[in-house]
Each structure stands twice: as C-alpha cells, then as structure tokens.
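Heads up: the structure comes next, in structure tokens.
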Amino acid sequence: MRTLIALALVAAAFAAISAEDADQQVRAMVKECRELLAADKLDEAVEKVKAALEVEGAGLRTQGTIYNVYSDVMRKRGDAKTADKSLLKAYDLLLKADETKAAKGVAARLAATADGKALLESYRTKKREKAEQVRKEEAAARAAKRAEEAEQRKAAFAAKERIMSIDGFKNFT
C-alpha cells in the first residue's frame, strides 16, 4: 500500500515537472515567434505558432498566449478575420484559467475592431444563454427533488394513518 502511494506521489511530481517543462518550452517558442514577427518573417512565425500549439501539457494561460501571438501574426499578414477568431480563443482560454486581468486586455484588443466586437458579443451572449440554461436545469432538478421528498413524506404519513386506522390498534391507544 505504501509503495502504491509513493508511486502515485512520484507520478504526480513528474506530471507537474512535465507541465512546467511544456510551459517553458512553449514560452521559448512564443518568444522566438515574436522575434520572427518583428523581423517580418511571417511564414516562419506561423509555423512556430503551429508547433507551439502542438506541444502537449501546456497550461491554459500559456495556450492563451500562443493564440494571442497567432492573432498578431495573422493581423500583420492581413487576415483580420482569423486574427479576431484567434483573439477570441485566447480570451476563452484565459477566462478558463481564471486570468481575468489578461482576459480583459485581450477583450479590449478584440473589441477594437467592428468584427471583433461582434464576435465578442456573440461569445458573451452564448455564454450567458448557456449559464441561464444550466441555472434552469439545476432549478428544475431541485424542484423535482423537493417534489419527490414531499411525495415520500405524504406516502409515509398515509401509511401511518392506515396503521392508526386499524380497529385493534385504536383500542391500545
């Protein structure tokens, strides 16, 4: 048993180290990509971003950074639509990582263009609708549970009443 626990701890430590290594590797790739972007080597920058996206184990914040840089590359290439979609993906990943400050910055960049603003509003509307649907489903589940509990109490009370109505039982009370 102790051996199993020790192995689990070692595996968890290796997983944490590999995730950290993946983040460091991706950060280095993002740095190279920004250098390529500054040197106007856009094709190489796109390839570097795609390679960074394929690294497994990178955290959500790091992935958001990759999409943010990809947006810069695509905008410089003149593909504003892909750039806006990439910024939206970065925004989503940063929100999932609870990086609200960074997400706000990305949202501001996204809202700077008309198409980006429309994408952001659509995204937020879908998120609100999904959250509302989840709230409705949870409320319905709670109501069903309350109704079931009330029905069980009613059945228990009816059973108690039947027992009390037996003629022989009344004589003993």
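In what follows, residues are counted from 1 in the order of the sequence shown.
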Atom OG1 of Thr82 and atom CG of Leu87: how far apart are they, to the nearest 0.5 Å?
11.0 Å
Of all heavy-atom pairs between Ser86 and Ser71, which one has the smallest distance, and what is that distance?
OG-N, 3.5 Å
Starting at CG of Leu94, measure out to CG of Asp92 and round the result to the nearest 0.5 Å.
9.0 Å
Would you sort out whether Thr125 and Arg128 count as a side chain to side chain contact (heavy atoms under 4.5 Å, CB included), showing the intermediate values?
CA-CA 5 Å; Thr125 301; Arg128 274 193 300 271; 3.4 Å; yes
Could you tell me whether Arg109 and Asp72 make a salt bridge, using a distance below 4.0 angstrom between a side-chain N and a carboxylate O?
yes
Apply side chain to side chain contact (heavy atoms under 4.5 Å, CB included) to residues Leu119 and Tyr91 and explain how you reach the verdict.
CA-CA 11 Å; Leu119 272 175; Tyr91 177 72; over 6 Å; no
As an exercise, state the distance from CG of Leu36 to NZ of Lys31, rounded to the nearest 0.5 Å.
12.5 Å
What pair of heavy atoms forms the shortest contact from Val73 to Ala45, and how long is it?
CG2-CB, 3.9 Å
Is it the case that more than 12 heavy atoms not belonging to Lys76 sit under 6.0 Å from its NZ atom?
yes
Minimal heavy-atom distance between Leu60 and Ala97, with the atoms involved, is CB-CB, 3.6 Å
Which is it for Met29 and Gln25 under the side chain to side chain contact (heavy atoms under 4.5 Å, CB included) test, yes or no, and what are the steps along the way?
CA-CA 6 Å; Met29 294 172 89; Gln25 180 183 3; 4.3 Å; yes
Locate the shortest heavy-atom distance separating Ala52 from Ile66; write the atom from each residue and the value.
O-CD1, 3.6 Å
What I want to check is whether the side chains of Gln133 and Glu129 have a donor and an acceptor closer together than 3.5 Å.
no
Note: Glu132-Arg135 ion pair, threshold 4.0 Å (strictly below)
yes
Note: Asp84 and Gly116 closest approach over all heavy atoms is OD2-N, 3.4 Å
Thinking salt bridges, do Asp43 and Arg77 make one under a 4.0 Å N-O criterion?
yes
Inter-residue atom distance Gln63.CD - Tyr70.OH, 0.5 Å rounding
15.5 Å
Checking Asp79 against Arg75 for the salt bridge (charged side-chain N to carboxylate O under 4.0 Å, His left out) test, could you report, in this order, the C-alpha distance in whole Å, the side-chain angles of both residues, the deciding distance, and whether it holds?
CA-CA 5 Å; Asp79 191 355; Arg75 195 166 306 282; over 6 Å; no
When rounded to the nearest 0.5 angstrom, what is the spacing between CG in Leu110 and CD in Glu121?
10.0 Å
What distance do Lys104 atom NZ and Glu99 atom CD have between them, rounded to the nearest 0.5 Å?
12.5 Å
Kindly say whether Ala118 contributes a backbone atom to a donor-acceptor pair with the side chain of Ser122 at under 3.5 angstrom?
no
Leu93 to Gly64 - nearest heavy-atom pair and separation:
CD1-N, 3.8 Å
Answer whether the closest heavy-atom distance between the side chains of Thr62 and Arg27 falls below 4.5 Å.
yes
Are Tyr67 and Leu88 co-members of a hydrophobic cluster defined by side-chain heavy atoms under 4.5 Å apart?
no
